[in-house]
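Here the structure comes first, spelled out in C-alpha cells, and everything after it is commentary.
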There are 4 protein chains.
Amino acid sequence: MQILIRPGDELPIYRQIMSQITEALAVGRLQPGEKLPSHRELAEELVIAPLTVKKAYDELESLGFLETQRGRGTFVCSRLPKLKMADQREQIEAAARKLLSLAYMVGVDLGGVVEILRKAEDELLHGSHSAASRAAG
Amino acid sequence: MQILIRPGDELPIYRQIMSQITEALAVGRLQPGEKLPSHRELAEELVIAPLTVKKAYDELESLGFLETQRGRGTFVCSRLPKLKMADQREQIEAAARKLLSLAYMVGVDLGGVVEILRKAEDELLHGSHSAASRAAG
Amino acid sequence: MQILIRPGDELPIYRQIMSQITEALAVGRLQPGEKLPSHRELAEELVIAPLTVKKAYDELESLGFLETQRGRGTFVCSRLPKLKMADQREQIEAAARKLLSLAYMVGVDLGGVVEILRKAEDELLHGSHSAASRAAG
Amino acid sequence: MQILIRPGDELPIYRQIMSQITEALAVGRLQPGEKLPSHRELAEELVIAPLTVKKAYDELESLGFLETQRGRGTFVCSRLPKLKMADQREQIEAAARKLLSLAYMVGVDLGGVVEILRKAEDELLHGSHSAASRAAG
DNA sequence: GTGGTCTAGACCACC
DNA sequence: GTGGTCTAGACCACG
C-alpha cells in the first residue's frame, strides 16, 4: 500500500489517500477482492491520525469502491461501481481542460501533451518511478 | 469576462474565478496588459460578495498573473511569470495522471483521451459551447 | 508572541503583524518549525478582528515564511525562503538609503548611524526595551 | 529633477515623489531657495496626473520643505524644518531595525551593513549610479 | 480545537 | 471611480 502523504498539501490528507487508492484501482495495482490494511495499521504507517484514514475508507465505501466486513477487515469491492454518466463526462472534461491550460501556459501543444500522457500511462502501469509525485493527483 | 459561478461547488468560489481567469490567460482570451473589471463590478455581475472577487484577484496578483494600480484598476501582467521547471513538470504530470485515472475508471483508453483533449481544446479556444462545465476546472 | 499594535498607525495592522513576525524570524526569536498562536487566539490577544491576523498569516504563507496545516495550526517554515539576489540587494540598499537620508536630515553622520544600529541590534536580539517603537518597522 | 516613478509600486506615486525630493534635500542635490518645476510640468515629464504631483508638493509644503509663491512657482524653503525629536528618533530607529532585519535574513552582520551604508552614502552624494533603485526609498 | 470560505457592511487613500 | 483595510458575524471542513 505505497501511499505518500504530504501534510501541508492543499488537498486534505484523507483526499490524498482516496485519490491514491482510486488511482491504484483504475490502473490495476489494487485488485478486486484484495484486502487493505486496517485503518489503524495504515495510520501508524503514514504517521497520521487513525480517524483520518478511517474517513478515507468510509468515503470510498460509500462510493462503492471498498467494503468492510465486520471483524475481517476492509476489501476492494468485487464489482467496481460506474459513476453516473453526467459526472463522468464533467470530471474528465474538467481534467482535460486543466491539463491543456497548464500545457499551454508553458508552450506545450497537443502533440506534447499526448507525449506526456504516454509517459504518465507507462509510469502508472509499471510501478512508481517517482513516488513523490504520486501524492499530487 | 464571461465567468460562471457554481455556488455549491466543491471548489470555492474564489478558486473558480481564479481557474477561469488563468484558463483565459493560457488560451489567450485575456491579453497581457488588458484591464479586468473592478472587483466590485465583477462581484455585482456574479451576484457574490466583492471581497470574494477581490480574494481571487489578490491571489492571482501574488502569483504574478495580475497587477493592480491603486485608483486605476487591475490588469493582466505584461510579463507573465514562468513557473520553476520542477513545479511545471510536477503540475502537468499530476494533471496527466488524474486525467488518465479518470479515463481508465470508465474504460476509455489513450486514444479516447486524446479525442477528449481535442474537443476540450476546441472548446477552450473558440467560444463556450458548454458554459456550465467551464466552471469545473 | 509579544506583538504590539498601534491602531492609528500609517502602516496597516496586518502589516505591523507581518513585519514584527519577520523581524522575530530574522533575529531568531521565532525558530523554524515553531507553532504560532491560532489567528483567533492572537486576534483576541491583540483585540482586533480575527480576519486581520489571518490576512497577515496568509501573506506570510504566500511569501514562504509560514505554513499552515488544516486543523493543526500555523507554523514557521522549516526551510525559510531565499529571496532572489537582485531583490535582496535592492531591498537592503533601499533600506540603507532611507536610513541615511533620515540621519542626514537630522545632522547625524555615518558614525552616528552606526551607533544607532548597534543599539537597534541590541534591542532586537535581547528583550524589548522600547516596546512602543517596535511596531514602527 | 530626476525622479523615477514606478506605477505599480506599493508606495503611492505622490509618496514616491515626496521621498525622492526629501532625499535630494537631505543629500544636498536640491539647495534651499532652488526652484522646482511646476506641478504640471513635472506631471507631464513623469506621465502622471497633475493632481498627483500637486499633492506631493502640497504635503511637502505643509511639512515645511517647500513653499509656493503665487504666480512665481514652488521653491525649496530657505530654512529647512527640524522634525520633532520624538518623531526623529522613532523614524530612524524603525529604519535601523528594518535594515538590520533584512541584513540578518540574508546572513549579513553589522560589519557588512556598515559596508553597505558606506556604498549607499557614496551613491547618494555623488550622483545616481542606479537611478532605478532610487524610487524604492 | 484548527483553518477555509463567505457575507454585508463600513471607512479610507489614491488617481 | 478605483483598490486597501477593517469589522463582526456566520457556516463548513479538517484532524
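All chains are named by letter (A, B, ...) in the order of the sequence lines, taking the proteins before the strands, and each is independently numbered beginning at 1.
The stretch residues 56-71 of chain B touches DNA chain F through B:Thr68, B:Arg70, B:Gly71, each having a heavy atom within less than 4.0 Å of the strand.
Minimum atom distance to the side chain of A:Pro12 is reached by F:dG15, of the listed F:dC6, F:dG3, F:dG15. Checking E:dT2, E:dC14, F:dT2 against every side-chain atom of D:Tyr14, the shortest atom distance belongs to E:dC14. Taking every side-chain heavy atom of C:Ser38 into account, E:dT2 is the closest of E:dT2, E:dT7, F:dG3.
Using a 4.0 Å heavy-atom cutoff across all strands shown, D:Glu10 reaches no nucleic acid atom at all. Counting any heavy atom pair closer than 4.0 Å across all strands shown, B:Leu51 reaches a base atom. Across all strands, B:Lys54 comes closer than 4.0 Å to base atoms (heavy-atom distances).
Across the interface with DNA chain F, nearest-nucleotide mapping of A:Pro7 and C:Thr52 shows C:Thr52 to be the residue nearer the 5′ end. When the nearest nucleotides of DNA chain F are assigned to C:Arg72 and B:Gly73 by heavy-atom distance, the more 5′-ward of the two goes with B:Gly73.
Between the side chain of A:Glu41 and the backbone N or O of A:Ser38 there is at least one donor-acceptor pair closer than 3.5 Å.
At a threshold of 4.0 Å, the pair D:Glu90-C:Arg6 counts as salt-bridged, since one of the basic side-chain nitrogens sits closer than that to a carboxylate oxygen.
The number of heavy atoms from other shown groups lying within 6.0 Å of CD (C:Glu44) does not exceed 12. Heavy atoms of other residues, nucleotides or ligands lying less than 6.0 angstrom from CD of A:Glu67 number more than 12.
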Intra- and interstrand pairs of DNA chain F - dot-bracket, Watson-Crick/G-U under 3.5 Å, | marks other strand: ||||||||||||||.

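Side-chain contact between A:Phe65 and B:Met105 is present, with heavy atoms from C-beta onward closer than 4.5 Å.
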Intermediate values then yes/no, side-chain contact (heavy atoms from CB on, under 4.5 Å), C:Leu63 and C:Thr22: CA-CA 11 Å; C:Leu63 289 174; C:Thr22 52; over 6 Å; no

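Applying the 4.0 Å criterion to OP1 and OP2 of E:dT5, one finds that B:Lys55 has a side-chain N or O inside that range.
A donor and an acceptor atom sit less than 3.5 Å apart, one in the side chain of C:Arg40 and one in the base of E:dG3.
None of B:Thr52, B:Ile5, B:Asp58, B:Val53 except one satisfies the side chain to side chain contact (heavy atoms under 4.5 Å, CB included) rule with B:Tyr14; the exception is B:Thr52.
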